[in-house]
Protein chains: 2
Amino acid sequence: MSVTIYDIAAKANVSIATVSRVFNNHARVSPRTRARVLAVAEELGYQPHASAQSLARKKTSLVAAIIPMMTNYFFVEVIRGLQDRLAESDLDLIVYSTLTLNEVDVQLERALQRGLASGVLLFATPMTPARVARLQRSSQPVVLVDSFHADFDCVSTNNREGGCRAVQHLIDRGCTRIGMIMAHPESLPAADRRIGFEQALRQAGLPLREEWIVVSEDMKQHGFTEEAGYQAMKTLLARRTRPDGVFVTSDLQALGALQALHEAGVAVPDEMALIGFDDIKISRYVGLSTLRQPMYEMGRVAVDKLLGRMEQPERPTSHTVFSPALVVRRSTAGEQAQEKGFLAWPLDHT
Amino acid sequence: MSVTIYDIAAKANVSIATVSRVFNNHARVSPRTRARVLAVAEELGYQPHASAQSLARKKTSLVAAIIPMMTNYFFVEVIRGLQDRLAESDLDLIVYSTLTLNEVDVQLERALQRGLASGVLLFATPMTPARVARLQRSSQPVVLVDSFHADFDCVSTNNREGGCRAVQHLIDRGCTRIGMIMAHPESLPAADRRIGFEQALRQAGLPLREEWIVVSEDMKQHGFTEEAGYQAMKTLLARRTRPDGVFVTSDLQALGALQALHEAGVAVPDEMALIGFDDIKISRYVGLSTLRQPMYEMGRVAVDKLLGRMEQPERPTSHTVFSPALVVRRSTAGEQAQEKGFLAWPLDHT
DNA sequence: AAATTGCATGTAAGCCTTTACACGTCAGCT
DNA sequence: AGCTGACGTGTAAAGGCTTACATGCAATTT
């Protein structure tokens, strides 16, 4: 049924070794033979057998990406970056997406199966000692995206800086009572963003009031959901005094928060300004100010690192940090927003 | 270095065949031996070698999905459905995403490589004779999602019905001059939606005026982009007379169209009502009426079909059609919308 | 007691490549 | 002419697993 190098060898009157050499550009094949083999292969419609190649070469052409919360559209762009860069190196991408972080370990186990992928991209996953150990035991090339551990190559955004700039922006626009809605603190990005938040307040000499900080203890997607944001804002609104500016650890949560604000009839940004993090596509439509992560680029860089390590397993690990860019929209700047947002609010008959 | 069945066999004093049998639950292994093998395997940290298994079993545990325009968030949900169902059957997912349809053939070639995947899910791709031939030659199990061809298993949405219901809804709310913004007609879903559109107009005895129909000839993502929608609406607005209700072939395009309407100062829905297709997440936020496709479910069903065919290659092909559900939001119902939309429009100080 | 059955296990072939090593041929050298 | 090398090609051994077939032994039957 399917054509193997044996078939080609027989028909071209050469040995299978020669056929293999032709396909691997392994020099030392006379032009005549090469041409003949190629012709026969073409005629027979030969295609190398991926598993057999992997077995013989002791490496595969697959890379695994483990992506918790893929519904967070942040990752879609990153995947595109991965995909594009991988294709250039003739690698394919296996995607493991999970809804909760517990599933990550199950998927990780699958992704690390011997002889499956020749590298792993692990997204937004806190590096517990158990995970570190598991990864090291596998001795596979690994790149952490949106997470950090000194023993691995990492790509991430400067979350502290982002948090800091978000708050500075709120201050610049005149906010003095600044609060925060935070995802589960086990999430490193969330924790770092909070550090930046606190730092900026300190620098500006503004009060840091616990009353204005709401932390989502919800484990589902680490609290990076609209629902969590919605609940958090409700909680915040119920407090005795309210902040006049809130930094939210992700756009997704911020959307939920906006909903809560609207239901409560709070004017944004006049009564309360809001700024998120990520710059997912939706944010543009709703005019949410945020800190943009260079998602596509992060994907590409992650693959670069992985390829680098695949070639030189012993090279020192490195950590690439992208600076998030402030995007000012209506949720902090009102009608004066530089970037008006695509979809105008008064879409209807105001 | 890595542990093989030989290591286990040696240490447990059995042959490699027995070890293999244990791991494949191949009956006829005495409980004692089984226990011993398992114990040794555990101790040594054995993991089967994926490529070797594939080679010996003549099938892999991978399924390939080719997804053009993954940036169309429609697919993210579908992928989740795929992933969940695949995991239940211990299969992994290779994702090939492309931006244009030309790349599809390149990716298809990769996906069909012998010994790589044991099934292919092809998304939203028009079935040219060349593609049909290519797929049939590979004799791999294939499922088409959001596309149709009698020789393959298919999963799709009833696009005609959807188009029809969209228009009926516009009629119900009182529109009499109904137009359409259409993606590239080579796209089957787009073409079908138009058929529904025309049918509904005919049934209602309303005029079908070419002047109110704008077709995106843009090939990039088949015109399923905001930009295409934006341009199309601008074109439409420049016409001598304007429709008072427009059906757009996708939410993504509709968002662009909304932008154009806003820039032109056209009140939605009062001067012009708008309805899209897909119900991507953003639509809820901006209050776009639309026809919802059961995306997650479609993913699951697609995998069901694929698994079915993997087991019985000769069974007759089938086509599962989901009916899209009308979701009424502000862009057609104004403030009376049943589903208000998450993010209120007058977010700012109106 | 001999013959038969059935079960647990082993042997070895096969899946398709890659690649180290060996071999033969021929050109170029002394 | 004889020797050395280079070059093109073949042989065969991995690579790790599955599985058809063979084997040996104990339990059962007559």
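In what follows, chains are A, B, ... by sequence order, proteins preceding strands, each numbered from 1. All values below were derived from every heavy atom in this structure, side-chain atoms included, with hydrogens, water molecules and symmetry-related copies excluded.
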Exercise. When you check the gap from the basic side-chain N to the acidic O, do B:R110 and B:E103 get nearer than 4.0 Å?
Worked result: no
Exercise. Closer than 4.0 Å, any side-chain N/O of B:T18 to the OP1 or OP2 of C:dG10?
Worked result: yes
For this session: Tell me which nucleotide among C:dT19, C:dT17, D:dC17 gets nearest to the side chain of B:I5.
Result: D:dC17
Exercise. So does B:S30 get a side-chain nitrogen or oxygen closer than 4.0 Å to the phosphate oxygens (OP1/OP2) of C:dA8?
Worked result: no
Exercise. Taking the six-membered ring for Trp, are A:F23 and A:Y46 parallel (under 30°), tilted (30 to 60°) or perpendicular (over 60°)?
Worked result: tilted
Problem set entry | Protein-nucleotide distance (B:R57, atom CZ; D:dG15, atom C1'), rounded to Å | 17 Å
Exercise. Given C:dT18, is OP1 or OP2 found less than 4.0 Å from the side-chain N or O atoms of A:Q53?
Worked result: yes
Exercise. Looking across every strand, which nucleic acid part, if any, lies under 4.0 Å from B:D7 by heavy atom: base, sugar-phosphate, or nothing?
Worked result: nothing
Exercise. Expressed in angstrom and rounded to an integer, what is the separation of A:R21 atom CZ from C:dT19 atom P?
Worked result: 10 Å
Problem set entry | Side-chain heavy atoms of B:L108 within contact of B:T125, under 4.5 Å | no
Exercise. Do any side-chain nitrogens or oxygens of B:T4 fall under 4.0 Å of OP1 or OP2 in D:dG16?
Worked result: no
For this session: Find which nucleotide of DNA chain C each of B:R34 and B:A56 is nearest to by heavy atoms, and output the residue with the more 5' nucleotide.
Result: B:R34
Problem set entry | Integer-rounded Å distance: C:dT18 P and A:N25 CG | 11 Å
For this session: Measure the distance from NE2 on B:H26 to C1' on D:dA20 and round it to the nearest whole Å.
Result: 11 Å
For this session: Tell me what B:V14 touches on the nucleic acid: a base, only sugar-phosphate, or nothing, going by heavy atoms under 4.0 Å.
Result: sugar-phosphate
Exercise. Under 4.0 Å between a side-chain N or O of B:R114 and OP1 or OP2 of C:dT17?
Worked result: yes
Exercise. Going by heavy atoms in the side chains, are A:D92 and B:Q113 under 4.5 Å from each other?
Worked result: no
For this session: Respond yes when some side-chain nitrogen or oxygen of B:S20 is under 4.0 Å from OP1 or OP2 of D:dT18, and no when none is.
Result: yes
For this session: Take the protein atom CD1 of B:I16 and the nucleotide atom P of C:dA8, then report the distance between them rounded to whole Å.
Result: 20 Å
Problem set entry | Euclidean distance, atom CG of residue A:L55 to atom P of C:dC15 [Å, nearest integer] | 14 Å
Exercise. A:T33 or A:A52: which one's nearest nucleotide on DNA chain D is closer to the 5' end?
Worked result: A:T33
Seminar exercise, completed: Here the distance between atom C1' of D:dC7 and atom CZ of A:R32, to the nearest Å, is 15 Å
Problem set entry | Electrostatic pair B:R300:B:E297 at N-O distance under 4.0 angstrom | no
Exercise. Is any side-chain nitrogen or oxygen of B:Y6 closer than 4.0 Å to OP1 or OP2 of D:dA14?
Worked result: no
For this session: Round to a whole Å and report the spacing from NE2 of B:H49 to C1' of D:dG16.
Result: 7 Å
